[in-house]
Amino acid sequence: MPQPASRHRAISDPLTSGRGVAPNRARSGSLRVLLLLVCLTAAVPLFAQGPPADEPNGDLSEAQRAFLAEPAAVDGGSAVTVPEHSVLCVDGDAEGYSCERVDLLAHLPLNTIGGGSGADLWGWTDPMTGKEYALMGLTNGTAFVDISDPEEPVHLGNLPTHTVNSTWRDIKTYGNYAYIVSEASGHGLQIFDLTELRSVTTPPVTFTETAHYPGFGRAHNVVLDEATGFAYAVGSRENSAPFEACSGGLHMIDLSNPTAPTFAGCFSADGYTHDAQCVVYHGTDSEHDGAEICFASNEDTLTIVDVTDKGSPQQLSRTSYTGVGYTHQGWLTEDHKYFLLDDELDESNFGHNTRTYIWDLADLEAPSVLGTYTGPVASSDHNQYVKGRYVYQANYKSGLRILSLDDVGSGSLTEVAHFDI
């Protein structure tokens with residue numbers, strides 16, 4: 001939860017740790033997405049989706065049957081073998097964790113990867129070696145874990161925070177570099193050359209940041225459009241000359257030189273941005289096809305901005321919705337037709353279960369809520385990411401939820417799997 005900008009009402013933070021889940025990029029042609037999930041009880045489980053081979057399908061919906069039929073349950077054409085030290089999800093339980101069609105592969109308590117509390121998570125696949133890594137944000141810095149063998153993850157080392165510890169830390173990657181922000185005062189943007197992970201022989205080691213961008217002090221998150229090579233710090237504060245104050249909105253950064261980023265512009269017309277996704281748009285609104293568009297979660301609205309011209313970004317729309325509590329985060333479907341939005345406080349404010357808002361983006365200047373999905377558990381939602389036909393959601397006190405997007409066009413989602421940490 002951010003410190004709101006002046007135009008927004010102040011909201012106390014009912015939740016003080018845990019930022020979300022990000023899917024590690026799966027190998028091409030496979031839906032076997034590996035996931036690390038921030039655990040509020042100081043643990044980081046590692047999962048692979050897919051049911052036990054002997055589990056009957058029973059009375060499943062069409063979406064659930066489709067999920068089970070995906071390549072998630074195969075590896076190179078043969079059934080996935082589960083190592084002896086992993087834990088199958090059997091009869092809704094995996095070593096005390098509530099689950100459905102998600103098995104526990106490994107478990108790394110936070111005190112074994114640098115300590116502190118968990119803050120955020122991202123992934124990187126080395127383009128030269130094919131190895132996969134988890135980049136784990138902690139209160140005291142960033143941990144790097146080799147998850148190429150998900151049954152035997154290796155903690156390679158840690159990059160200390162640039163200034164002081166903070167509950168919030170967020171990470172994105174571009175090329176071979178990690179870009180890290182924090183709510184710690186004066187932290188700015190840390191830059192780390194991820195190719196250093198290739199040469200670690202005696203882990204864990206303490207890394208040193210490769211470079212630093214001082215264009216802002218603290219920031220709540222960093223958004224990255226890999227198609228254009230621009231980063232967007234959101235919820236940033238403590239801007240100083242010669243950088244323009246962005247009022248907590250989109251602070252735009254050119255990564256053409258990845259270790260020497262340059263300030264590119266601001267969008268501040270709608271105040272504080274908590275999170276965003278910025279893409280080269282290819283949805284159904286042909287008027288904006290090919291433009292770089294940011295879909296911003298701005299506390300009480302979905303705010304859509306054309307940032308193609310960094311010197312003159314254009315707000316296309318600013319739309320609230322019935323039941324708004326705190327517009328927290330969201331993600332586009334891969335065809336850019338729909339935006340799935342999570343509101344962090346509507347559950348506690350209005351007493352309903354976890355709710356996802358499905359936005360129709362046929363007109364970027366007038367988006368509308370097509371429908372809502374209400375989950376089976378009463379918990380606050382937090383972050384979600386789309387991979388193919390599924391959305392992977394991280395929720396407070398109900399863990400990882402995997403939903404099918406097969407009926408998203410009719411404003412409907414269907415849960416097909418979960419793992420509750």
Notebook entry, point to check: Should Arg169 and Thr161 be marked as a side chain to side chain donor-acceptor pair (under 3.5 Å) after you check the CA-CA gap, both sets of side-chain angles, and the distance that decides it?
Noted result: CA-CA 9 Å; Arg169 189 173 310 278; Thr161 182; 3.2 Å; yes
Notebook entry, point to check: What pairs with Ser166 under side chain to side chain contact (heavy atoms under 4.5 Å, CB included), at least two apart in sequence or on another chain?
Noted result: Trp168, Ser182, Glu183, Ala184
Margin query: Tell me if a side-chain donor or acceptor on Trp124 pairs with a main-chain N or O of Gly175 at a distance below 3.5 Å.
Written below: yes
Check: Leu255 versus Leu224: any side-chain heavy-atom pair under 4.5 Å?
Finding: yes
Margin query: Within the structure provided, determine whether Thr206 and Pro160 are in side-chain contact (heavy-atom separation under 4.5 Å).
Written below: yes
Next item on the list: Please work out whether the ring planes of His274 and His220 are parallel, tilted or perpendicular, with thresholds of 30° and 60°.
Entry: tilted
Check: Are Leu332 and Val386 close enough that some pair of their side-chain heavy atoms sits under 4.5 Å apart?
Finding: no
Item checked: Test item: Asn176 side-chain N/O and Asp193 main-chain N/O as donor-acceptor pair under 3.5 Å -> no
Note to self: Taking Glu132's backbone N and O only, do any of them form a donor-acceptor pair with Ser148's side chain (distance below 3.5 Å, no angle check)?
What the structure shows: yes
Notebook entry, point to check: Can you find a side-chain donor-acceptor pair between Arg355 and Thr374 that sits under 3.5 Å?
Noted result: yes
Notebook entry, point to check: For the side chain of Gln277 and the backbone of Phe295, is there at least one donor-acceptor N/O pair under 3.5 Å apart?
Noted result: no
Next item on the list: Over all heavy atoms of both residues, which pair between Val377 and Asn353 is shortest? Give the atoms and the distance, please.
Entry: O-CB, 3.2 Å
Notebook entry, point to check: With no hydrogens and no angle check, is any side-chain donor or acceptor of His155 less than 3.5 Å from a backbone partner on Pro204?
Noted result: no
Notebook entry, point to check: Charged N to carboxylate O under 4.0 angstrom, Asp300 versus Arg318?
Noted result: yes
Next item on the list: State the OG-CD distance between Ser86 and Glu152, to the nearest 0.5 angstrom.
Entry: 10.5 Å
Notebook entry, point to check: What residues form a side chain to side chain contact (heavy atoms under 4.5 Å, CB included) with Ser412, not counting sequence neighbours?
Noted result: Asp407, Ser410
Checklist line | Separation between OG1 of Thr142 and CD1 of Ile113, rounded to the nearest 0.5 Å | finding: 10.5 Å
Next item on the list: Drop me the distance from Gln393's CD to Tyr373's OH, to the nearest 0.5 angstrom.
Entry: 7.5 Å
Margin query: Can you confirm whether Ser380 sits close enough to His328 that some side-chain heavy atom of one is under 4.5 Å from a side-chain heavy atom of the other?
Written below: no
Check: Checking Asp381 side chain against Asp342 main chain: does a donor-acceptor pair fall under 3.5 Å?
Finding: no
Margin query: Go through it in stages, so that I can follow the logic: the residues are Glu209 and Phe192, the test is side chain to side chain contact (heavy atoms under 4.5 Å, CB included), and I'd like the CA-CA distance, side-chain angles, deciding distance and then a yes or no.
Written below: CA-CA 5 Å; Glu209 65 185 37; Phe192 177 69; 5.7 Å; no
Notebook entry, point to check: What's the shortest heavy-atom distance between Ala119 and Thr167, and which atoms?
Noted result: CB-O, 3.3 Å
Check: Under the 3.5 angstrom rule, does the side chain of Tyr281 hit a backbone N or O of Thr284 as a donor-acceptor pair?
Finding: yes
Notebook entry, point to check: So which heavy atom on Gly323 is nearest to which on Asp343, and how close?
Noted result: O-OD2, 4.2 Å
Item checked: Stepwise side chain to side chain donor-acceptor pair (under 3.5 Å) check, Thr327 with Tyr321 -> CA-CA 10 Å; Thr327 309; Tyr321 50 95; 2.9 Å; yes
Next item on the list: Apply side chain to side chain donor-acceptor pair (under 3.5 Å) to the pair Tyr392 and Gln384, showing each step before the final yes or no.
Entry: CA-CA 5 Å; Tyr392 299 81; Gln384 58 187 321; over 6 Å; no
Checklist line | Asp289 side, atom CG; His336 side, atom NE2 - distance, nearest 0.5 Å | finding: 10.5 Å
Margin query: Is it the case that the side chain of Asn221 and the backbone of Val234 share a donor-acceptor pair, with hydrogens and angles ignored and the cut-off at 3.5 Å?
Written below: no
Margin query: Can you give me the closest heavy-atom contact between Tyr338 and Leu370, atom names plus distance?
Written below: CE2-CD2, 3.8 Å
Check: Can you name the one residue among Phe267, Phe230, Phe263 that meets ring pair (Phe, Tyr, Trp, His ring centres under 6.0 Å) with His251?
Finding: Phe263
Check: With a 4.5 Å heavy-atom cut-off, do Cys89 and Val102 have their side chains touching?
Finding: no
Margin query: With a 4.5 Å cut-off on side-chain heavy atoms, are Asp275 and Asp170 touching?
Written below: no
Next item on the list: Decide side chain to side chain contact (heavy atoms under 4.5 Å, CB included) for Leu156 and Tyr133; before the verdict, give the C-alpha distance in whole Å, the side-chain angles of both, and the deciding distance to 0.1 Å.
Entry: CA-CA 10 Å; Leu156 298 177; Tyr133 299 90; 3.5 Å; yes
Next item on the list: For residues Tyr179 and Trp122, establish whether the separation of their ring centroids is below 6.0 Å.
Entry: no
Checklist line | Stepwise side chain to side chain donor-acceptor pair (under 3.5 Å) check, Ser379 with Thr354 | finding: CA-CA 5 Å; Ser379 67; Thr354 308; 3.0 Å; yes
Note to self: Would Asn383 and Trp331 count as a side chain to side chain contact (heavy atoms under 4.5 Å, CB included) here? Give the steps.
What the structure shows: CA-CA 9 Å; Asn383 280 4; Trp331 211 252; over 6 Å; no
Check: Within a radius of less than 6.0 Å around NZ of Lys337, do more than 12 heavy atoms belonging to other residues, nucleotides or ligands occur?
Finding: no
Check: Quick check: does any side chain N or O of Gln329 sit under 3.5 Å from a backbone N or O of Glu344, one acting as donor and the other as acceptor?
Finding: no
Note to self: If you define the side chain from C-beta out and look only at heavy atoms, does anything of Thr273 sit under 4.5 Å from Thr303?
What the structure shows: no
Margin query: Quick check: closest heavy atoms across Phe419 and Cys99, and the distance to 0.1 Å?
Written below: CD1-CB, 3.8 Å
Margin query: What's the separation between atom SG in Cys294 and atom CD in Gln315, rounded to the nearest 0.5 Å?
Written below: 12.0 Å
Notebook entry, point to check: Does some side-chain heavy atom of Leu405 sit less than 4.5 Å from a side-chain heavy atom of Leu340?
Noted result: yes
Margin query: Can a donor-acceptor pair be found, under 3.5 Å and without considering hydrogens, that links the side chain of His212 to the backbone of His187?
Written below: yes
Next item on the list: For side chain to side chain contact (heavy atoms under 4.5 Å, CB included), just list the numbers for Val391 and Val408, CA-CA rounded to whole Å, side-chain angles, deciding distance to a tenth of an Å, and then say yes or no.
Entry: CA-CA 11 Å; Val391 57; Val408 67; over 6 Å; no
Check: Out of curiosity, Phe339 CZ to Leu361 CG, how far, rounded to the nearest 0.5 Å?
Finding: 8.0 Å
Checklist line | Salt bridge present between Asp146 and Lys131 (N-O < 4.0 angstrom) | finding: yes
Item checked: Minimum heavy-atom distance Pro367-Glu365, with the two atoms named -> CD-C, 3.7 Å
Notebook entry, point to check: Are the charged groups of Glu226 and Lys172 less than 4.0 angstrom apart, N to O?
Noted result: no
